[in-house]
Amino acid sequence: MTEQDDRAAAERLVEVHARIEAAEAEADRPRGAVSLIAVSKTFSADVIEPVIHAGQRVFGENRVQESLGKWPALKERYPDIELHLIGPLQTNKVKEAVGLYDAIQSVDRDKLARVLAKEMDAQDRRLRLFVQVNTGAEPQKSGILPQETAAFVRRCQDEYGLEIAGLMCLPPAGEPPAPHFALLAKLAGEAGLTGLSMGMSADYEIAIAHGATHVRVGSAVFGARAKQT
Ligand SMILES: *Cc1c(COP(=O)(O)O)cnc(C)c1O
């Protein structure tokens, strides 16, 4: 990591913040309505740290194992970091996930909801939870189906005693994302939820126009990723 790379990441962060602010204004939404989650998956601590120094405090990762390798030390040094899990969660990793993350955006099935509730009680930690919706009904993708979302959110609340902050989606690659963002906003409204985690580097301004409260931006902040294996 050279000093020049550090500056580049910090400059990209400033640019993304400026574009978020412009998109908020364009959509007649208050300044600060949208939280930026900087998605640091595949990047090492020495790439992440300059972005922390530039003022960013909310980060997203998609794998528990990878997160455990870099975040405990960073969180110790910067206690006000807020770390979101944005990838699928296996129930055998829930214990570690509850200990490490501040938010989990991939709640998508009853077994996971039940195990999460139990583990949060055991550790006396309350994480912010988002229900992931498979808006494109893609067979390979995690997430509850759109038509099952309202009932699932209700079970999370009533049966498992979970507080649900909102919904999250990851639209199908190669499709215009706007209809998926609109669908997620509609489902959240029907479920009485206000949080909407949607939009990535290529489309976060469109997501903000559709009401996103959290955008998950990776490459536009950190630069291009080598492909994950
Ligand atoms: C990687 C990832 C992102 C960020 O993607 P970019 O295109 O790099 O902004 C957002 N959300 C999820 C769920 C991801 O896995």
Side-chain angles (χ1 to χ4, degrees), residues 12-13 15-41 56 58-62 82 84-89 103-109 112 128-154 156-157 163-222 225:
R12 281 192 295 261
L13 182 70
E15 149 118 31
V16 170
H17 273 295
R19 285 175 57 176
I20 288 173
E21 244 178 64
E24 287 169 343
E26 179 76 21
D28 277 328
R29 302 183 52 198
R31 190 174 161 174
V34 180
S35 305
L36 170 63
I37 301 172
V39 176
S40 49
K41 63 186 184 192
Q56 182 65 25
V58 188
F59 290 86
E61 289 281 346
N62 69 338
E82 182 182 312
H84 290 236
L85 176 65
I86 60 171
L89 179 57
I104 290 175
Q105 299 212 356
S106 49
V107 181
D108 65 351
R109 57 200 191 279
L112 177 59
R128 291 218 293 173
L129 302 176
F130 290 73
V131 166
Q132 182 173 355
V133 183
N134 186 354
T135 56
E138 296 172 276
Q140 83 289 1
K141 196 168 273 177
S142 351
I144 191 100
L145 289 171
Q147 64 272 23
E148 294 169 6
T149 302
F152 178 63
V153 168
R154 223 171 305 122
C156 284
Q157 295 164 330
E163 197 172 312
I164 302 298
L167 302 181
M168 178 270 233
C169 77
L170 191 60
E175 268 186 41
H180 295 275
F181 297 156
L183 173 60
L184 197 72
K186 176 172 164 274
L187 293 170
E190 286 168 1
L193 301 175
T194 52
L196 279 174
S197 173
M198 55 191 196
M200 322 200 300
S201 293
D203 53 23
Y204 63 91
E205 287 147 308
I206 302 169
I208 291 170
H210 285 84
T213 58
H214 295 71
V215 293
R216 309 179 308 268
V217 179
S219 46
V221 171
F222 288 100
R225 281 185 297 276

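These numbers come from the heavy atoms of this one structure, side chains and all, not from hydrogens, waters or symmetry mates.
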Evaluate the side chain to side chain contact (heavy atoms under 4.5 Å, CB included) criterion for residues Gln56 and His17: first the C-alpha distance (whole Å), next the side-chain angles of each, then the deciding distance (0.1 Å), finally the verdict. CA-CA 10 Å; Gln56 182 65 25; His17 273 295; 3.4 Å; yes
Under 3.5 Å donor-acceptor pairs involving side-chain atoms of residues 178-199, not counting sequence neighbours:
unit_1: His180; atom_1: ND1; unit_2: Thr135; atom_2: OG1; d: 2.9
unit_1: His180; atom_1: NE2; unit_2: Glu175; atom_2: OE1; d: 2.8
unit_1: Lys186; atom_1: NZ; unit_2: Glu190; atom_2: OE2; d: 3.4
unit_1: Ser197; atom_1: OG; unit_2: Gln105; atom_2: OE1; d: 2.6
unit_1: Ser197; atom_1: OG; unit_2: Arg216; atom_2: NH1; d: 3.0

Considering all heavy atoms, the nearest [X]-[Y] contact:
{"X": "Phe152", "Y": "Asp108", "result": "CZ-C, 3.8 Å"}
{"X": "Ile20", "Y": "Tyr204", "result": "CG1-CE1, 3.8 Å"}
{"X": "Gln132", "Y": "Ser106", "result": "OE1-CB, 3.5 Å"}
{"X": "Pro171", "Y": "Pro177", "result": "CG-CB, 4.1 Å"}
{"X": "Glu138", "Y": "Leu170", "result": "OE1-O, 4.2 Å"}
{"X": "Val217", "Y": "Ser201", "result": "CG1-OG, 3.4 Å"}

Under a 3.5 Å distance rule, please check whether Arg29 uses its side chain to pair with a backbone N or O of Ile208 as donor and acceptor.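 Yes, because the side chain of Arg29 sits within donor-acceptor range (under 3.5 Å) of the backbone of Ile208.
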Donor-acceptor under 3.5 Å (Glu24 side chain, Ala33 main chain):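 Yes, because the side chain of Glu24 sits within donor-acceptor range (under 3.5 Å) of the backbone of Ala33.
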Residues that Glu82 engages under salt bridge (charged side-chain N to carboxylate O under 4.0 Å, His left out), provided they are two or more places apart: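 Scan of Glu82 (salt bridge (charged side-chain N to carboxylate O under 4.0 Å, His left out), adjacent residues dropped) gives Arg128.
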State which residues pass salt bridge (charged side-chain N to carboxylate O under 4.0 Å, His left out) with Glu205; sequence neighbours excluded, sorted by chain then number.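 Once residues adjacent in sequence are excluded, the partners of Glu205 under the salt bridge (charged side-chain N to carboxylate O under 4.0 Å, His left out) criterion are Arg19.
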Taking the inter-plane angle between the rings of Phe130 and His84 on a 0 to 90° scale, is it parallel (under 30°), tilted (30 to 60°) or perpendicular (over 60°)?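 The rings of Phe130 and His84 sit tilted, inter-plane angle from 30° to 60°.
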Ile144 vs Val153 side-chain heavy atoms within contact, under 4.5 Å: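 When only atoms from C-beta onward are counted, Val153 and Ile144 do not touch, as no gap falls below 4.5 Å.
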Looking at side-chain heavy atoms only, is the closest gap between Glu61 and Ser40 below 4.5 Å?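 A side-chain contact exists here, since the closest heavy-atom pair is under 4.5 Å.
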How long is the straight-line distance from CZ of Arg12 back to CZ of Phe222, given to the nearest 0.5 Å?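 Those atoms lie 9.0 Å apart.
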Show your reasoning for whether side chain to side chain contact (heavy atoms under 4.5 Å, CB included) applies to Val58 and Leu36. CA-CA 7 Å; Val58 188; Leu36 170 63; over 6 Å; no
